[in-house]
Participant: 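I'd like to ask you about the structure that follows.
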Amino acid sequence: MASTLYAHLATPTLPSRKLSSLSCPTMFHSALSFSIGTTKGKHCSVLKVLCNAQSAPAAVNLAPGTPVRPTSILVVGATGTLGRQVVRRALDEGYDVRCLVRPRPAPADFLRDWGATVVNADLSKPETIPATLVGVHTIIDCATGRPEEPIKTVDWEGKVALIQCAKAMGIQKFIFFSIHNCDKHPEVPLMEIKHCTEKFLRDSGLNHVVIRLCGFMQGLIGQYAVPILEEKSVWGTDAPTRIAYMDTQDIARLTFIALRNENINGKLLTFAGPRAWTTQEVITLCERLAGQDANVTTVPVSVLRFTRQLTRLFEWTNDVADRLAFSEVLTSDTVFSVPMAETYNLLGVDAKDVSSLEKYLQDYFTNILKKLKDLKAQSKQTDIFF
């Protein structure tokens with residue numbers, strides 16, 4: 001069924017290609033190359049993904065076919081923290097935006113309300129991908145797996161399927177978001193998979209840009225700002241790791257500047273905020289801006305490491321262990337940041353136009369405290385207490 005659909009939809013664009021032999025599911029299984037290494041002890045089996053990035057089967061550019069507008073883009077992972085900002089930025093800049101989202105009980109109506117087109121597909125089901133790529137010039141991949149899923153299902157197998165389909169369908173450019181320092185931490189499954197995907201994309205022959213990210217400012221709101229305002233516990237660690245958080249709106253803006261710059265094709269960029277912060281420094285900043293102390297529960301990194309070792313003892317908790325692997329990074333005194341001067345020059349961006357964490361959190365607390373003050377005033381007028 002998928003092969004027939006793929007052939008039917010893609011034939012107008014590539015009329016000379018023998019499509020029946022290039023269905024995405026077939027390509028996916030033949031081109032996906034990775035091995036699972038298991039270190040077996042008395043009670044444990046440790047999963048390690050070893051990538052062998054192979055290029056896609058050669059796709060010959062046989063005929064010009066139907067022209068595809070350069071403004072036609074597909075955003076994968078459009079409902080996520082970064083994805084929705086990419087969609088908003090693309091629409092604001094006049095792009096024709098198509099959003100690939102999984103079938104879900106609560107439809108992503110806000111994307112349609114903004115003016116984007118929503119198509120349903122699932123990276124874990126390669127046969128659903130081809131139809132979403134028809135008429136698309138550029139793919140911007142913001143997707144990552146859900147916490148309850150095995151990491152490799154979407155972040156490796158799904159991404160390989162997407163890249164292979166993009167190659168077969170003649171996609172002109174592929175933007176992939178990765179993690180800073182992913183090549184330095186093969187012991188962390190997600191970081192190892194990101195690094196493998198970078199290599200797989202490079203070997204595919206697609207025009208591409210890889211953008212490594214350090215951390216999102218938006219994630220700090222739910223993690224620290226809201227709990228402090230609600231006088232709930234804030235969870236932190238005693239780790240010395242420093243992260244240069246960046247506003248996802250700035251990431252989206254810089255991404256489209258890079259997309260339009262042909263000199264950046266094939267390059268690896270890293271986006272980082274103006275300053276790297278430890279967890280304790282972020283909590284202290286939130287306390288100052290909120291005007292109240294945080295109820296901090298500190299979790300020693302050694303506890304996280306022990307928990308990871310414990311969860312690796314059982315097959316049904318291996319996915320938890322994989323996600324706790326970031327504790328290994330926390331103990332390495334890593335700084336998730338890079339000097340941005342060269343990147344700013346390459347993109348023609350002024351460093352002053354990139355938001356600092358202080359400014360971002362100050363704006364948040366100013367707005368939320370004003371709303372709380374207004375609600376308090378209204379409650380007094382109506383004798384309704386919150």
Side-chain angles (χ1 to χ4, degrees), residues 80-82 84-85 88-89 177 179-181 211-255 270-304 323-324 326-341 343-344 349-376 386:
T81 302
L82 176 59
R84 63 183 61 198
Q85 296 298 339
R88 286 295 296 268
R89 188 74 194 188
F177 289 107
I179 302 174
H180 178 50
N181 280 339
I211 301 174
R212 291 182 178 179
L213 305 174
C214 298
F216 300 156
M217 292 182 185
Q218 280 74 4
L220 301 177
I221 300 300
Q223 192 170 2
Y224 302 117
V226 172
I228 289 175
L229 288 172
E230 295 181 347
E231 300 181 354
K232 295 181 178 179
S233 293
V234 173
W235 296 88
T237 70
D238 56 358
T241 304
R242 307 178 72 87
I243 300 174
Y245 299 98
M246 197 170 190
D247 189 341
T248 53
Q249 293 186 22
D250 287 330
I251 295 173
R253 179 170 61 89
L254 298 186
T255 295
T270 300
F271 292 169
R275 175 189 163 184
W277 299 73
T278 65
T279 297
Q280 186 54 54
E281 288 173 339
V282 173
I283 293 174
T284 300
L285 176 61
C286 289
E287 288 178 320
R288 177 169 62 82
L289 294 174
Q292 60 192 66
D293 293 335
N295 180 17
V296 182
T297 301
T298 301
V299 181
V301 172
S302 58
V303 173
L304 294 178
R323 296 187 184 278
L324 284 173
F326 277 103
S327 63
E328 304 291 339
V329 180
L330 294 177
T331 59
S332 63
D333 197 14
T334 301
V335 177
F336 281 83
S337 182
V338 292
M340 287 290 290
T343 301
Y344 289 149
V349 173
D350 190 334
K352 296 179 181 179
D353 294 333
V354 176
S355 298
S356 66
L357 183 60
E358 297 99 322
K359 179 66 166 58
Y360 175 81
L361 288 177
Q362 183 178 38
D363 289 345
Y364 172 79
F365 279 107
T366 298
N367 291 333
I368 199 69
L369 290 175
K370 182 179 183 301
K371 290 179 180 179
L372 291 173
K373 184 178 179 180
D374 292 342
L375 284 172
K376 185 177 180 181
F386 293 87

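Reckoned from all heavy atoms, side chains included, excluding hydrogens, waters and symmetry mates.
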Participant: What's the spacing between Asp250 CG and Tyr360 OH if we round to 0.5 Å?
Facilitator: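 Between atom CG of Asp250 and atom OH of Tyr360 there are 10.5 Å.
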Participant: Taking all heavy atoms of Cys214 and all of Ile243, pick out the closest pair and write down the distance.
Facilitator: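 What the structure gives for the nearest pair is O-CG2, 3.7 Å.
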Participant: Looking at Gln218, Met217, Arg88, which one forms a side chain to side chain contact (heavy atoms under 4.5 Å, CB included) with Thr248?
Facilitator: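 Going through the options one by one, the only one that passes is Gln218.
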Participant: What are the two closest heavy atoms between Ala276 and Val335, and how far apart are they?
Facilitator: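 Closest approach of Ala276 to Val335, heavy atoms only: CB-CG1, 4.2 Å.
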Participant: How long is the straight-line distance from CH2 of Trp277 back to CG of Leu285, given to the nearest 0.5 Å?
Facilitator: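 Between atom CG of Leu285 and atom CH2 of Trp277 there are 4.5 Å.
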Participant: What residues, two or more places apart in sequence or in another chain, satisfy salt bridge (Lys or Arg N to Asp or Glu O under 4.0 Å) together with Arg89?
Facilitator: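 Partners of Arg89 under the salt bridge (Lys or Arg N to Asp or Glu O under 4.0 Å) test: Glu93.
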Participant: Step by step, would you call Ile228 with Gln292 a side-chain contact (heavy atoms from CB on, under 4.5 Å)?
Facilitator: CA-CA 8 Å; Ile228 289 175; Gln292 60 192 66; 3.9 Å; yes
Participant: What pair of heavy atoms forms the shortest contact from Met246 to Phe271, and how long is it?
Facilitator: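 Heavy atoms only, the tightest pair is SD-CB, 3.6 Å.
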Participant: Quick check: do Asp353 and Arg253 have side-chain heavy atoms less than 4.5 Å from each other?
Facilitator: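 They are in side-chain contact.
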Participant: Taking Gln362 for its side chain and Leu289 for its backbone only, find out whether a donor-acceptor pair lies under 3.5 Å.
Facilitator: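 No, Gln362 side chain to Leu289 backbone: no donor-acceptor pair under 3.5 Å.
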Participant: For the atom pair OG (Ser337) and NE2 (His180), what is the distance rounded to the nearest 0.5 Å?
Facilitator: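 Atom-to-atom, Ser337:OG and His180:NE2 are 7.0 Å apart.
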Participant: According to salt bridge (charged side-chain N to carboxylate O under 4.0 Å, His left out), does anything in residues 283-294 pair up with another residue at least two apart or in another chain? List the pairs.
Facilitator: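 The answer is none; no pair qualifies.
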Participant: From Ile251 CD1 over to Leu213 CG, what is the distance, rounded to the nearest 0.5 angstrom?
Facilitator: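 Those atoms lie 4.5 Å apart.
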Participant: What is the distance from atom OG1 of Thr366 to atom CG of Leu361, rounded to the nearest 0.5 Å?
Facilitator: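 Output value for this atom pair is 10.5 Å.
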Participant: Can you tell if the side chain of Leu357 reaches within under 4.5 Å of the side chain of Leu220, non-hydrogen atoms only?
Facilitator: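 Yes; the side chains approach each other to less than 4.5 Å.
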Participant: For the residue pair Gln85 and Thr81, what are the closest heavy atoms and their distance?
Facilitator: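 Closest pair (atom of Gln85, atom of Thr81, distance): CG-O, 3.6 Å.
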Participant: Answer whether the closest heavy-atom distance between the side chains of Tyr364 and Val226 falls below 4.5 Å.
Facilitator: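 Heavy-atom side-chain distance check passes, below 4.5 Å.
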Participant: Atom SG in Cys286, atom CG in Leu229: separation rounded to 0.5 Å?
Facilitator: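 So the gap between those two atoms works out to 8.5 Å.
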Participant: How far apart are the closest heavy atoms of Phe365 and Ala225, and which atoms are they?
Facilitator: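 Smallest interatomic distance, heavy atoms only, reads CZ-CB, 3.6 Å.
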Participant: State, with a plain yes or no, whether a side-chain heavy atom of Val354 is found less than 4.5 Å away from one of Asp247.
Facilitator: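 No, their side chains stay 4.5 Å or more apart.
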